[in-house]
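Right, one structure below, let's go through it.
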Amino acid sequence: MAFGRSGLDITAGMGAGEAVLARIETSEEEATAAADRLKSADLVRRAIKLWRRGEVVRAAQLALRATEADPNHGAAFHMLALALEKMGHLHKALVTYERAFALDPEDADLLLNLGLTAWGLKMHAAAADMFRQYIEKRPDSPLGYNNLGSVLCDLGDANTAIEILRTAIYRMPQEAVLWNSLATVLSEQGRAEEALIFYKEAIALDPGYSRPWHNLAFALSHLGRLEESLEAYDEALARAVDLVDLREGRHSRSICLIGMGRLDEGFREYEIRNDPSFRSYVRYMVDAPTWQGEALDGKRLLVIGEQGLGDEIMFASVLPDLYRAVGRRGQLMIAVDPRLVSLVQRSFPKAIVGGYEDRRFVDGEDRKEFRYIPFATADQRPDYYIPMASALQFTRTRIEDFPKASFLTPEPARVAQLRARLLSLGTGPFVGICWRSMLQDVKRNKYFSALEQWVPILRTQGVEFVNLQYGACEDELTEVCARHKVTVHRLQGLDLKSDIDGAAALSAALDLVISAPTAAAATAASVGTETWILTAGRTWPQLGTPCYPWYRAAPVFHPRNFADWDQLLPEVAAALSGFAARLSAA
């Protein structure tokens, strides 16, 4: 599930920053007296002053005028590129950096910023090449090694990244940034315990540097040491000066609070995600004020789903509270992922339910996310609206506020039909399995096990296993089943990715579901099927408990050491044997 998952090293790459501005400023003081260059240099100096005051747009405008005044002035293009990058126009910034570098190929800082921009555009190989060139020109600067190691980690080459950073540390042991980056690479590999040592060394070298504190907090949260994690987030926020770092730190801290069960404060702080400056901000296009906890009896409230599908289903556990709150005279309106419309409408028959539409508006290279609610207009205009997770701050301030009940209703006839299909396969019990998210990358892989590691579970006697894994998994299933002579039934004709109503009915027809924290787990748990959730470590949706309190029955199984699946999965297999025996005896 994607809710609030904050990454390590929120701005892992490092540019030359203020040093670039100072150097550009100095070079302009030494500029030639030629009329065009003089005019351009004056505009660049004025742009730098605006930049330092935070007036980036006006700085960009002056820098553009500087390039027009002297098209051969490399410093003007460099200043313009910096401003474009800061404004989020990454493609334009990349082209402008390239122009600046063509005019001034000896400026190594341009290589650094070229690499950062390419990295931001997910051109990882190009970024790595730029950082290597920078290291050749500036072998005594830690920035090139820091960035190269970080981008190689993103490319999945952690071993090379670790070697580059270790070599740099031997050369520059006093550079806190290198210790921080090495720790981050280790943590991204699931080696959080090792990473703590290096984060603490970075802090010892530069106690005022906020980034290692933030990353230390994140690593501690992986290890389930949330109290220590919260203290480290507080230290990071006390030292952060960049607005991005402050927003990210507040966001991460709010998730830590929620994971500790401090729900009142945590859910209130989590509203930082609705700050228009937040990285994943979504603008909801609704002609109504945001609900701030006012009385709802007789009012029309629009609740809008948010984040990934699994999160949206989990947050939907708050809908029964709001359904009751509007009363008979009011009206609940629910906007959800279009795949959920039929399931949610059946669950809340008196509500108005429809799908939202997501659109991306591109202003140059500046991408803005909008969520439209087509049915919430004209005579169906709401009195208030609220993103689904934002309702939690008013309805779920204590663990006791979670009723641990099913809240979505699959189609009864379809459940019966699917149960009959299952009984044609064997006598049961029938156990659904899902082992990973469909969205996999280097950073997410550590949170999920491979199907190969599930073999101890799949060998459990007296159990019929049923696939709930959505996305491309057929080859993986076929290979593992053939190699280990185990069986996982696949129900043909059911699209587990797109037909969520069907997946919900199948989940309700099962006796048990064992799943990674995915949309499949959320779907099964929401309809009341007992769902065992396998996590790499202690997770925030547990709210400080041994389960996911959002659902009727969703215990969490996690290893003693982060992502130690080989230790955990045999234990789950033993628990499954006991479950099957109890069900057979009943």
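The first residue in the sequence is number 1, and the count goes up from there. Model, not experiment: these values are computed from the prediction.
- At least one donor-acceptor pair closer than 3.5 Å links the side chain of Tyr323 to the backbone N or O of Lys350.
- Among all heavy-atom pairs drawn from Ala158 and Val185, the shortest one is O-CG1, 4.1 Å.
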Determine, stepwise, if the pair Ser187 / Asn215 fulfils side chain to side chain donor-acceptor pair (under 3.5 Å). CA-CA 9 Å; Ser187 196; Asn215 294 335; over 6 Å; no
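- One N or O on the side chain of Thr531 and one on the backbone of Thr529 form a donor-acceptor pair closer than 3.5 Å.
- Panel note: side chain His214, backbone Pro212; no donor-acceptor pair is recorded below 3.5 Å.
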Do Cys256 and Trp540 pass the side-chain contact (heavy atoms from CB on, under 4.5 Å) test, and can you show the C-alpha distance, the side-chain angles, and the key distance before you say yes or no? CA-CA 7 Å; Cys256 184; Trp540 76 265; over 6 Å; no
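- For Val431 against Leu576, the heavy-atom pair with the smallest separation is CG2-CD1, 4.1 Å.
- Side chains of Trp454 and Ile433 form a contact here, defined as non-hydrogen atoms less than 4.5 Å apart.
- Nearest heavy atom pair, residue Ala516 against residue Ile533, reads C-CG2, 4.5 Å.
- Within the 4.5 Å cutoff, no side-chain heavy atoms of Glu85 are placed close to those of Leu94.
- Using a 4.5 Å heavy-atom threshold, the side chains of Glu312 and Gln307 count as separate.
- The distance from atom CG of Leu257 to atom CZ of Arg268, rounded to the nearest 0.5 Å, is 9.5 Å.
- Without hydrogens or angle criteria, Glu530 side chain to Leu512 main chain gives no donor-acceptor distance under 3.5 Å.
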Give the intermediate values and the outcome of side chain to side chain donor-acceptor pair (under 3.5 Å) for residues Asn147 and Trp119. CA-CA 10 Å; Asn147 294 359; Trp119 191 1; over 6 Å; no
Output, in order, the C-alpha distance, side-chain angles, deciding distance and verdict of side-chain contact (heavy atoms from CB on, under 4.5 Å) for Val513 and Leu468. CA-CA 9 Å; Val513 168; Leu468 290 179; 3.7 Å; yes
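- Contact check for Glu248 versus Phe278: side-chain heavy atoms found under the 4.5 Å cut-off.
- No donor-acceptor pair closer than 3.5 Å links the side chain of Ser507 to the backbone N or O of Thr523.
- Atoms CD and CG, from Glu231 and Leu216 in turn, are 10.5 Å apart once rounded to the nearest 0.5 Å.
- The structure places NZ of Lys404 at 13.0 Å from CH2 of Trp550, a figure rounded to the nearest 0.5 Å.
- A salt bridge links Arg346 with Asp501; the closest basic N to acidic carboxylate O contact falls under 4.0 Å.
- If you check the side chains of Trp213 and Asp234, you find no donor sitting under 3.5 Å from an acceptor.
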Derivation and outcome, salt bridge (Lys or Arg N to Asp or Glu O under 4.0 Å), residues Glu474 and Arg490: CA-CA 9 Å; Glu474 184 62 31; Arg490 285 89 103 184; 2.7 Å; yes
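- Using a 4.0 Å cut-off between charged nitrogen and carboxylate oxygen, Glu271 and Arg250 do not count as a salt-bridge pair.
- A donor-acceptor contact closer than 3.5 angstrom is absent between the side chains of Thr545 and Gln542.
- Contact check on Lys497 versus Asp495 returns no salt bridge, with no Lys/Arg side-chain nitrogen under 4.0 Å from an Asp/Glu carboxylate oxygen.
- Using a 4.5 Å heavy-atom cutoff, the side chains of Val282 and Glu306 are not in contact.
- At distances below 3.5 Å, not a single donor-acceptor pair connects side-chain atoms of Arg414 with backbone N or O atoms of Pro410.
- Rounding to the nearest 0.5 angstrom, the gap separating the OG atom in Ser515 from the CZ atom in Phe448 is 9.0 Å.
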Using the side-chain contact (heavy atoms from CB on, under 4.5 Å) rule, take His558 and Val556 through it: C-alpha gap first, then chi angles, then the decisive distance, then the call. CA-CA 6 Å; His558 64 76; Val556 171; 4.1 Å; yes
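- Every residue two or more places apart in sequence or in another chain was checked for a salt bridge (charged side-chain N to carboxylate O under 4.0 Å, His left out) with Asp564, and none qualifies.
- Between the side chains of Arg273 and Ser390, at least one donor N or O sits under 3.5 Å from an acceptor N or O.
- With hydrogens and angles disregarded, a donor-acceptor distance shorter than 3.5 Å links the side chain of Asp401 to the backbone of Arg398.
- Here the side chains of His89 and His91 are not in contact, with every heavy-atom distance at 4.5 Å or above.
- With Arg538 contributing its side chain and Gly224 its backbone, the two residues share a donor-acceptor pair below 3.5 Å.
- Note that Arg359 lies in the cation-pi zone of Tyr372, set by a 6.0 Å cut-off to the ring centre and a 45° limit from the axis.
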Please test Ser406 against Tyr551 for side chain to side chain donor-acceptor pair (under 3.5 Å), starting from the C-alpha separation and ending with a verdict. CA-CA 6 Å; Ser406 61; Tyr551 306 115; over 6 Å; no
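- The line from CD of Glu369 to CG of Asp358 is 7.5 Å long, rounded to the nearest 0.5 Å.
- Two rings, from Tyr447 and His222, have their centers less than 6.0 Å apart.
- Because its NZ or CZ atom is not both nearer than 6.0 Å to the ring centre of Tyr284 and within 45° of the ring axis, Arg371 does not count as a cation-pi partner of that residue.
- Between Leu90 and Thr117, the shortest heavy-atom distance links the atoms O-CG2, 3.3 Å.
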Go through the steps to decide whether Met260 and Leu230 satisfy the test side-chain contact (heavy atoms from CB on, under 4.5 Å), and finish with yes or no. CA-CA 9 Å; Met260 294 170 67; Leu230 183 64; 4.0 Å; yes
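- The backbone N or O of Trp435 sits less than 3.5 Å from a side-chain atom of Gln469, completing a donor-acceptor pair.
- Distance check: Ser252 OG to Tyr233 OH gives 4.0 Å after rounding to the nearest 0.5 Å.
- By the 6.0 Å and 45° rule, Arg396 stacks over the aromatic ring of Phe402.
- Arg247 is not listed as a side-chain neighbour of Arg279, based on a closest heavy-atom distance of 4.5 Å or more.
- A distance-only check finds no donor-acceptor pair linking the side chain of Ser210 to the backbone of Arg239 [under 3.5 Å].
- The two atoms that bring Gly327 and Asp297 nearest to each other are CA-OD1, 3.8 Å, heavy atoms only.
- With a 4.5 Å cut-off on side-chain heavy atoms, Leu226 and Leu220 do not count as touching.
- At a threshold of 4.0 Å, the pair Arg300-Asp383 does not count as salt-bridged, since none of the basic side-chain nitrogens sits closer than that to a carboxylate oxygen.
- Taking each heavy atom of Leu246 and Ala240 in turn, the nearest pair found is CD2-CB, 3.7 Å.
- Legend: residues meeting salt bridge (charged side-chain N to carboxylate O under 4.0 Å, His left out) with Glu476, ordered by chain and number and at least two apart, are Arg436.
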